[in-house]
Amino acid sequence: MASAPRLRFAPSPTGYLHVGSARAVLFNWLVARQTGGEMLLRIEDTDTERNRPELVDNILEVLDWLDLRWDGEPVHQSQRIDLYREAADKLVASGHAYWCDCTPEQIQARAKKRGGPPGYDGFCRSRGLQSGPGTALRFRTPDDGVTAFEDLVRGPVEFPNASLEDFVLLRSNGTPTFLLANLVDDADMGITHVVRGEEHVNGTPKYLLIGEALGLGYRPVFAHLPVLVNEQRKKLSKRRDSVSVADFRAEGYLPEALVNYLALLGWGPKDGVEIRPLAEIVEQFRLEDVTQSPAFFDVKKLRHFNAEYIRALDPEAFVERARPFLSHGEATVEVLEPVAELVRDRVRLLTEVEPMVDFLRVDEVAIEDKSWQKDVVKHGERAVAMLDATIERLGTCGWERDAIEAALHAAAAEAGFVNDEGHPQMSKAQAPVRAAVTGRSVGPPLYESLVVLGRDRTLERLRQARARL
RNA sequence: GCCCCCAUCGUCUAGUGGCCUAGGACACCACCCUCUCAAGGUGGCGACACGGGUUCGAAUCCCGUUGGGGGUGCCA
């Protein structure tokens, strides 16, 4: 009886979770959800030197934010060391592994002297060394033959064993390396699909060889995803590129938008519909359809997706999602609520909300120099007339949207902002008013904004601007 | 050096021998709509890296070249 697929995401806590890893999780998760299988989480923390336990929290937290949940409890390799040592012992006993006391310097020096390819030369293969301080355990790779495997995204892959060096299984401090722990755990956890980054392709024959030597009869299905690259077409790196998922969260991206976008890197739905519910992606996703070429992470397109997702929110939900990004809390929420829909349609990031409505909250608005020049000073006498007429009309009109609109139309006509047919030219006439009241050239629709601002504060700002002229 | 891989608009992709004078999306440009800005509408710019084959026919298959990437660690 075939059991349900088991996938795994196996990060090492050596850095914050970045978008490349997030995509790897997503693809694993998609397969798990689609097949009714499981996605397990395994923390690969065998390298005690670089390991930063506090980063595990970041990884878990980010996965939770993305809503890409794992099944069961996370497995920590650091708590399973005995398992790997046991496997190592078996390999020594069967002659598949041997102890080596060469230092990296010695290995390098010999390679240089030899003039050939760098890498370990098998120096200790037949020295019969015993385990001891300063000795690492190496795997004896076959000298001939090939190791082949089937890859869902790249098809059949073959490696000549002669190109494989005798790699380290156990460090001289006794800790297992990635290859050993990875294989042992995948087999032990019953992982059926290994879906991971392309950078692991070359290590796969070694992984397989360990399994064979152990007599495990274990053979998962592989899928190596093309790497994500930056504008220089280099693999995304945490050092060079700012690609931490937590940073995107802080910038005001919605997890749904990020996940949707990530799904489209290296894969596309047959019908070409890009922005769609995750459930549909789960249904349509196929590892076999994943592209083999690297993909550039395009923030501009992500931003567009984000704007679309924000616009799809209903006003109440929008306010809730924006809430964590409002540094003045309830005071901002109060002024945002009446214009929530108008603001929601104009922001691409949640961090853009506050600057857009701040003029409604503050007591005194600072007018940006650029706006003052462009929208007021440049219009000269007509701007003066517009401000005067507006102060006049808004002082007495009713204080609701339509009344305000009518008042501004009348003021525009009075100030001479009219076209050939005598209709008010509001695109120009509103500029001085907007600048005076909001301090900026762009923002939410003016009439609705004034309703929220209130008559007193509106008039006060208009008078102050007028006084500057 | 050696091993592995990739190659369609600027970017993400559709395309699996004829439906392709190559489709969509983002970006960009123009116009329309319009109280600013968005959104929306219309149109535009824009690609099969190159050279050989195979075939009646190639973006699609094969070989080579060029370009790019990944790996080559007592990192994962």
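A note on names: the letters A, B, ... follow the listed sequences, proteins ahead of strands, and every chain is numbered from 1.
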For [N], the Watson-Crick or wobble counterpart (both distances under 3.5 Å):
N: B:rU72; answer: B:rG1
N: B:rU11; answer: B:rA25
N: B:rA47; answer: none
N: B:rC19; answer: none

If you measure from the [atom1] atom in [N] to the same atom in [M], how many Å do you get, rounded?
N: B:rG44; M: B:rA27; atom1: C1'; answer: 14 Å
N: B:rU11; M: B:rA47; atom1: P; answer: 12 Å
N: B:rG41; M: B:rG24; atom1: P; answer: 14 Å

Ring pair (Phe, Tyr, Trp, His ring centres under 6.0 Å) partners of [X], counting only residues at least two apart:
X: A:His409; result: none
X: A:Phe248; result: A:Tyr253, A:Phe297
X: A:Tyr207; result: A:Phe222
X: A:Tyr120; result: none

Touch class at under 4.0 angstrom, heavy-atom based, for [X] against every strand present:
X: A:Arg42; result: nothing
X: A:Pro444; result: base
X: A:Phe305; result: nothing
X: A:His200; result: base
X: A:Glu352; result: nothing
X: A:Arg348; result: nothing
X: A:Arg440; result: nothing

What nucleotide among [options] has an atom nearest to a side-chain atom of [X]?
X: A:Val442; options: B:rU72, B:rA39, B:rC37; value: B:rC37
X: A:Phe178; options: B:rA76, B:rC74, B:rU72; value: B:rA76
X: A:Glu448; options: B:rG69, B:rC35, B:rG71; value: B:rC35
X: A:Val227; options: B:rG69, B:rC3, B:rC74; value: B:rG69
X: A:Glu44; options: B:rC35, B:rA76, B:rA27; value: B:rA76
X: A:Phe159; options: B:rC26, B:rC4, B:rC35; value: B:rC4

Protein-nucleotides 15-22 of chain B N/O pairs under 3.5 Å:
residue, atom, partner, partner atom, Å
B:rG15, OP1, A:Lys270, NZ, 3.4

Do A:Ser293 and A:Thr291 meet the criterion of a side-chain donor-acceptor pair at a distance under 3.5 Å?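 No donor-acceptor contact under 3.5 Å links the two side chains.
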
A:Thr141 and A:Asp166 side chains, donor-acceptor separation under 3.5 Å: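 Present: a donor and an acceptor within the cut-off.
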
Identify each atom pair where a protein N or O and an N or O of nucleotides 58-64 of chain B are less than 3.5 Å apart, giving names and distance.
none

Calculate the interatomic distance between A:Glu198 atom CD and B:rC6 atom P; express it in whole Å.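 Whole-Å distance recorded here is 9 Å.
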
Whether A:Arg303 and A:Glu352 form a salt bridge (side-chain N of Lys/Arg under 4.0 Å from carboxylate O of Asp/Glu) is what I want to check.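 Looking at A:Arg303 together with A:Glu352, the answer is no, because their closest N to O distance does not fall below 4.0 Å.
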
Results of side-chain contact (heavy atoms from CB on, under 4.5 Å) for [X] - residues two or more places apart only:
X: A:Ala436; result: A:Leu387, A:Leu462, A:Ala465
X: A:Val418; result: A:Ala413
X: A:Arg361; result: A:His328, A:Ala331, A:Thr332, A:Val335, A:Asp358
X: A:Asp388; result: A:Val384, A:Arg466

Could you name each residue pair satisfying salt bridge (charged side-chain N to carboxylate O under 4.0 Å, His left out) that touches residues 130-144 of chain A, not counting sequence neighbours?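 Matches after skipping sequence neighbours: A:Arg125-A:Asp143.
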
Quiz question: going by heavy-atom distance under 3.5 Å, is there a donor-acceptor pair between the base of B:rC37 and the side chain of A:Arg346?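 Per atom types, the contact qualifies.
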
Could you tell me whether the side chain of A:Thr177 has a donor or acceptor atom within less than 3.5 Å of a complementary atom in the base of B:rC74?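 Counting by modelled atom types and ignoring angles, no donor-acceptor contact under 3.5 Å is found here.
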
Phosphate OP1/OP2 of [N]: any [X] side-chain N/O under 4.0 Å:
X: A:Arg303; N: B:rC26; answer: no
X: A:Lys428; N: B:rU36; answer: no
X: A:Thr103; N: B:rC74; answer: no

Could you write nucleotides 7-13 of chain B as a row of B, S and -, 5' to 3', where a protein heavy atom under 4.0 Å of any base atom gives B, of only sugar-phosphate atoms gives S, and otherwise -? S---SBS

Closest-nucleotide mapping onto RNA chain B: is A:Glu199 or A:Glu308 further toward the 5' terminus? I mean the 5' end.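 The residue whose closest nucleotide sits nearer the 5' end is A:Glu308.
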
Describe, in one word, how the ring planes of A:His379 and A:Phe417 are oriented to each other, choosing from parallel (under 30°), tilted (30 to 60°) and perpendicular (over 60°).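 The arrangement is perpendicular - the two ring planes meet at more than 60°.
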
Anything under 30° is parallel, anything over 60° is perpendicular, the rest tilted; go ahead and classify A:Phe149 against A:His224.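 Because their plane-to-plane angle is over 60°, the rings of A:Phe149 and A:His224 count as perpendicular.
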
